[in-house]
Amino acid sequence: MQRVLISVSFFIVIILLWAALTGDLAFIGLDEPLWSPYVMPPPSRVFYYLWDNTANGKLPLSMLVTLRRLLIGYLIGLVLGVPLGMLAARFRCVQDTLGHLALSFQALPSVCWVPLACIWFGQTESALLFVVIMGTMWSVLLSTENGIRNVPPIYARAARTMGSPPLHTLIFVTLPASAPFVVSGMKQGWAFAWRSLMAAEIYVSVVSGFGIGQHLHYGRELQRMDQVIGVMFIIILVGLLADKLLFSPVERFLHRRWGTGRD
């Protein structure tokens, strides 16, 4: 509870400082805001934008469109990344080829996939999903490979002495033992997928669904900084909620289960 109060107090102080420097708190004695509202809008304008566009349904509808794209692309990235990571950990030739390719693509910013996606798939949902998959798959692949390689060899030897074949050992012994690393990779893959989708939605306009990234893009085009900052708040909030409600509890459980976490 104390940690929550400290975090909440910290963000309240930041918002109050922002309000003071942009003219929302006139009683502190500033004759005029430090920044123009067109450059840095006060919190009241940003919160009004969020409230108004939530009440009329625009932001909730866009969030549903964006989250649907995110979940589909992320799940496809997991389905591809985990098995390929297992193969890279199991076979030297796969590690020397696909593993090095994954390491190279992991260093490539996700926005670099957007031009290729637009040329290959056009202004379609497939282009957005492709960028999300590319942002997810390589991170998950590398984390899975690293996790399996960090499993103590005694686990696999014990399973083999009890008659477990290689594939059975890999799936039912080695992979569960590497679960803390795999979940960390899934968490990282989610972060990359979220960033990739935002970059893709800014550049790819799909008539089948107006995502939250398009709100960010049109806010910049219309010079509506309250819209830009409001959408940035939403993006940050979704990332924090995904981390705190989905991945962090699972990570803590697995680290306690395998004795790798801190007290």
Side-chain angles (χ1 to χ4, degrees), residues 3-4 7 66-67 69-92 94-113 129-156 159 167 169-200 235-263:
R3 294 177 59 188
V4 174
S7 298
T66 295
L67 290 177
R69 294 167 178 165
L70 178 66
L71 289 174
I72 294 174
Y74 178 69
L75 291 176
I76 294 174
L78 288 183
V79 170
L80 295 175
V82 172
L84 291 177
M86 295 169 63
L87 290 175
R90 178 67 178 82
F91 300 104
R92 175 71 66 177
V94 179
Q95 180 193 12
D96 293 339
T97 53
L98 188 61
H100 290 164
L101 180 66
L103 191 61
S104 302
F105 283 159
Q106 176 71 2
L108 186 69
S110 301
V111 70
C112 296
W113 293 106
L129 292 178
F130 174 78
V131 176
V132 176
I133 293 169
M134 291 296 103
T136 304
M137 181 174 64
W138 308 116
S139 175
V140 174
L141 188 157
L142 291 173
S143 297
T144 303
E145 177 192 0
N146 181 60
I148 291 178
R149 290 188 178 279
N150 278 279
V151 173
I154 190 65
Y155 292 174
L167 183 60
T169 301
L170 180 64
I171 296 176
F172 293 100
V173 178
T174 308
L175 184 60
S178 65
F181 296 92
V182 176
V183 172
S184 295
M186 293 169 61
K187 176 181 175 180
Q188 187 180 34
W190 174 273
F192 279 112
W194 187 228
R195 297 173 188 174
S196 302
L197 181 56
M198 290 300 99
I235 294 171
I236 292 171
L237 181 62
V238 171
L240 287 175
L241 289 176
D243 177 66
K244 298 300 182 182
L245 299 180
L246 295 178
F247 294 105
S248 291
V250 176
E251 277 187 311
R252 287 194 297 267
F253 168 78
L254 289 174
H255 282 297
R256 286 196 304 266
R257 174 69 177 82
W258 293 105
T260 58
R262 294 179 295 180
D263 294 334

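Only heavy atoms go into these numbers, but all of them, side chains included; no hydrogens, no water, no symmetry mates. Just so it is clear, the structure is predicted and the values come from calculations on it, not from any experiment.
- The CG atom of L103 sits 10.5 Å away from atom CD of Q95, with the distance rounded to the nearest 0.5 Å.
- Side-chain atoms of L197 and Y74, non-hydrogen and from C-beta on, never get closer than 4.5 Å to each other.
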Would L67 and L70 count as a side chain to side chain contact (heavy atoms under 4.5 Å, CB included) if you check the C-alpha gap in whole Å, the side-chain angles of each, and the deciding distance to 0.1 Å?
CA-CA 5 Å; L67 290 177; L70 178 66; 4.2 Å; yes

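- Side-chain atoms of R90 and M86, non-hydrogen and from C-beta on, never get closer than 4.5 Å to each other.
- Residues M137 and F105 have side chains not in contact (no heavy-atom distance under 4.5 Å, counting atoms from C-beta outward).
- Here the shortest heavy-atom pairing between K244 and P249 reads O-CD, 3.3 Å.
- Rounding to the nearest 0.5 Å places CG of L129 at 12.0 Å from OG of S196.
- Nearest approach of V140 to G185, heavy atoms of both residues: CG2-O, 3.9 Å.
- Shortest non-hydrogen contact noted between R149 and A88 is NH2-O, 3.0 Å.
- Atom OG1 of residue T174 and atom CD1 of residue I148 lie 7.0 Å apart, to the nearest 0.5 angstrom.
- Nearest heavy-atom pair across A102 and L141 is CB-CD2, 3.8 Å.
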What verdict does the side chain to side chain contact (heavy atoms under 4.5 Å, CB included) test give for L108 and W113, after you've listed the backbone C-alpha separation in whole Å, the side-chain angles of each residue and the deciding distance to 0.1 Å?
CA-CA 9 Å; L108 186 69; W113 293 106; 3.9 Å; yes

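- Exactly one of T66, V132, T136 qualifies for a side chain to side chain contact (heavy atoms under 4.5 Å, CB included) with W194. That residue is T66.
- Using modelled atom types, one side-chain atom of N150 and one backbone atom of N146 make a donor-acceptor pair closer than 3.5 Å.
- The distance from atom CG of L241 to atom CD1 of I236, rounded to the nearest 0.5 Å, is 12.0 Å.
- When side chains are defined from C-beta on, T97 does not count as touching L101, because their heavy atoms never get closer than 4.5 Å.
- Contact detail for F192 and G135: the closest heavy-atom pair is CB-O, 3.0 Å.
- When every heavy atom of S143 is checked against every heavy atom of Q188, the shortest pair comes out as OG-OE1, 3.9 Å.
- Using a 4.5 Å heavy-atom threshold, the side chains of L98 and W138 count as touching.
- Residues D96 and F91 form no side-chain contact, since every pair of their non-hydrogen atoms from C-beta on lies 4.5 Å or further apart.
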